[in-house]
Novice: 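Submitted below is the structure of interest, expressed as structure tokens.
FYI, the numbering just counts along the sequence from 1. Both ligands and their constituent atoms are indexed starting at 1 by order of listing.
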Amino acid sequence: MLEANHIVYKYEDGTKALNDVTVKVNDNEIVALLGKNGAGKSTLFLHFNGIFKPDKGEVLVEGKPIKYNNKGLLNVRSKVGVVFQNPDDQLFAPTVQEDVAFGPLNLGLSQEEVENRVKESLKKVGMSGFERKPPHHLSGGQKKRVAIAGVLAMKPKIMVLDEPTSGLDPKGASLVLKLLYKLNSEGISIIISTHDVDLVPLYANRLYVIKEGQIIKEGTPSEVFSDVKTIRDANLRLPRIAHLAEILEKEDSIDFEGEYPLTISQARNQFLEKLDL
Ligand SMILES: Nc1ncnc2c1ncn2[C@@H]1O[C@H](COP(=O)(O)OP(=O)(O)OP(=O)(O)O)[C@@H](O)[C@H]1O
């Protein structure tokens, strides 16, 4: 569905932000890219819809390399929707309605189709009724949802979200994640960047860990978080529940056999079994 193969990218000042990065999002997957500040997550994501062109390597959408001409980029942007880390970088029209309409208008769709898409997208993100508001009058969580609506209005097959829960309170974060989960169940493949290790096991099918512009681990949440050394090496921490299991293993000799629980339900099952209750 979406592939970045051996991407190398250097900024103009000489910072080598990506050094041979290969990641893949399969059909209908939710993939998370985990990495500390400055690891290269945003730089990689800006390659996914052709905003950045790699110095080396290539990005493929539905098996075809991105073409960096106007037609090619329009084609990619109708398939791959990128939601930036900071919604203020994305929302610039005077009203929510105009903002969400911007992408579909650029696709050359009829006024009627554009209006339908705006209505449908705002409904999906729970922002109907905000059409006339200026985006800068919205809260952080509302801005994120309008930014997502703007991408949804393009009817993408793949959504790329840079830290979709950062800066949101727990309820706001949970609303956004539930929305992404729903969109995924409707057939959209998703890749998210984050350092929120507690939420990741709840939604991601597969994880990549990036450090200093290189992928240092790939696998299911359980495979990745069982590799405690790599997680710490990437300057990340274990999910709280796994950390509790790690302490119980060290201090109370409870053997989790290399597979720490990551969610409350996994913990319940494993604790009941290990503690023989
Ligand atoms: N415009 C730029 N010019 C020069 N260097 C940059 C630029 N933007 C980012 N970098 C550098 O590239 C590297 C990767 O940055 P990037 O923003 O991709 O990291 P990130 O993983 O998204 O971090 P964060 O979690 O803080 O958003 C960092 O060393 C950063 O300082």
Side-chain angles (χ1 to χ4, degrees), residues 2-25 30-59 66 68 73 76-77 80-92 140-141 143-144 147-148 151 158-170 172-173 176-177 180 190-204 206-219 221 224-225 227 230-239:
L2 179 66
E3 278 172 73
N5 287 330
H6 303 290
I7 303 293
V8 174
Y9 186 81
K10 208 189 242 184
Y11 282 101
E12 273 180 10
D13 68 355
T15 308
K16 202 170 195 183
L18 299 175
N19 190 5
D20 197 11
V21 168
T22 295
V23 303
K24 189 175 182 181
V25 185
I30 303 187
V31 172
L33 178 69
L34 282 170
K36 69 161 195 156
N37 293 132
K41 304 182 296 298
S42 302
T43 308
L44 178 63
F45 277 17
L46 292 171
H47 280 80
F48 284 145
N49 72 350
I51 294 174
F52 283 0
K53 188 177 174 188
D55 299 330
K56 279 192 199 154
E58 60 179 3
V59 179
I66 294 183
Y68 295 87
L73 290 175
V76 166
R77 285 169 198 167
V80 183
V82 175
V83 178
F84 297 138
Q85 185 169 352
N86 180 356
D88 291 327
D89 292 339
Q90 193 142 11
L91 306 172
F92 52 84
K143 281 183 190 169
K144 279 246 153 112
I148 294 174
V151 166
I158 306 154
M159 285 184 70
V160 175
L161 298 108
D162 198 354
E163 312 233 2
T165 57
S166 77
L168 302 186
D169 62 23
V176 167
L177 288 178
L180 296 180
I190 293 177
I191 179 161
I192 293 173
S193 87
T194 185
H195 32 228
D196 191 336
V197 293
D198 291 309
L199 287 175
V200 158
L202 297 176
Y203 61 79
R206 219 150 48 75
L207 308 180
Y208 289 94
V209 179
I210 186 166
K211 182 194 171 191
E212 292 167 9
Q214 290 188 307
I215 301 295
I216 57 166
K217 182 85 185 173
E218 186 239 320
V224 169
F225 289 119
D227 186 351
T230 300
I231 291 294
R232 300 228 160 96
D233 183 41
N235 232 327
L236 296 164
R237 62 168 178 82
L238 287 179

Novice: Just so I know, are the side chains of His195 and Asn37 near enough to count as touching, which here means a heavy-atom distance under 4.5 Å?
Specialist: yes
Novice: Extract all donor-acceptor atom pairs below 3.5 Å that involve side chains of residues 46-56 and protein atoms in other chains or at least two apart in sequence.
Specialist:
unit_1 : atom_1 : unit_2 : atom_2 : d
His47  : ND1    : Thr43  : O      : 2.8
Asp55  : OD2    : Lys10  : N      : 2.7

Novice: Would you list the pairs meeting salt bridge (Lys or Arg N to Asp or Glu O under 4.0 Å) in which at least one residue belongs to residues 158-167, sequence neighbours left out?
Specialist: Lys41-Glu163
Novice: Side chains of Val176 and Leu168: does their closest heavy-atom pair fall under 4.5 Å?
Specialist: yes
Novice: Are Thr230 and Lys211 packed together at the side-chain level, in the sense that at least one heavy-atom pair is separated by less than 4.5 angstrom?
Specialist: no
Novice: For ligand 1, list the protein residues that place a heavy atom within a distance below 4.0 Å of one of its atoms, sorted by chain and number.
Specialist: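 The answer is Tyr11, Asp13, Thr15, Ala17, Lys36, Asn37, Gly38, Ala39, Gly40, Lys41, Ser42, Thr43, Gln85, Glu163, His195, counting any residue whose heavy atom sits under 4.0 Å from ligand 1.
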Novice: I'd like a table of donor-acceptor pairs (distance under 3.5 Å, sequence neighbours excluded) in which one partner is a side-chain atom from residues 14-21, with atom names and distances.
Specialist:
unit_1 : atom_1 : unit_2 : atom_2 : d
Thr15  : OG1    : Asp13  : OD1    : 2.8
Thr15  : OG1    : Asp13  : OD2    : 3.3
Asp20  : OD1    : His6   : ND1    : 2.7

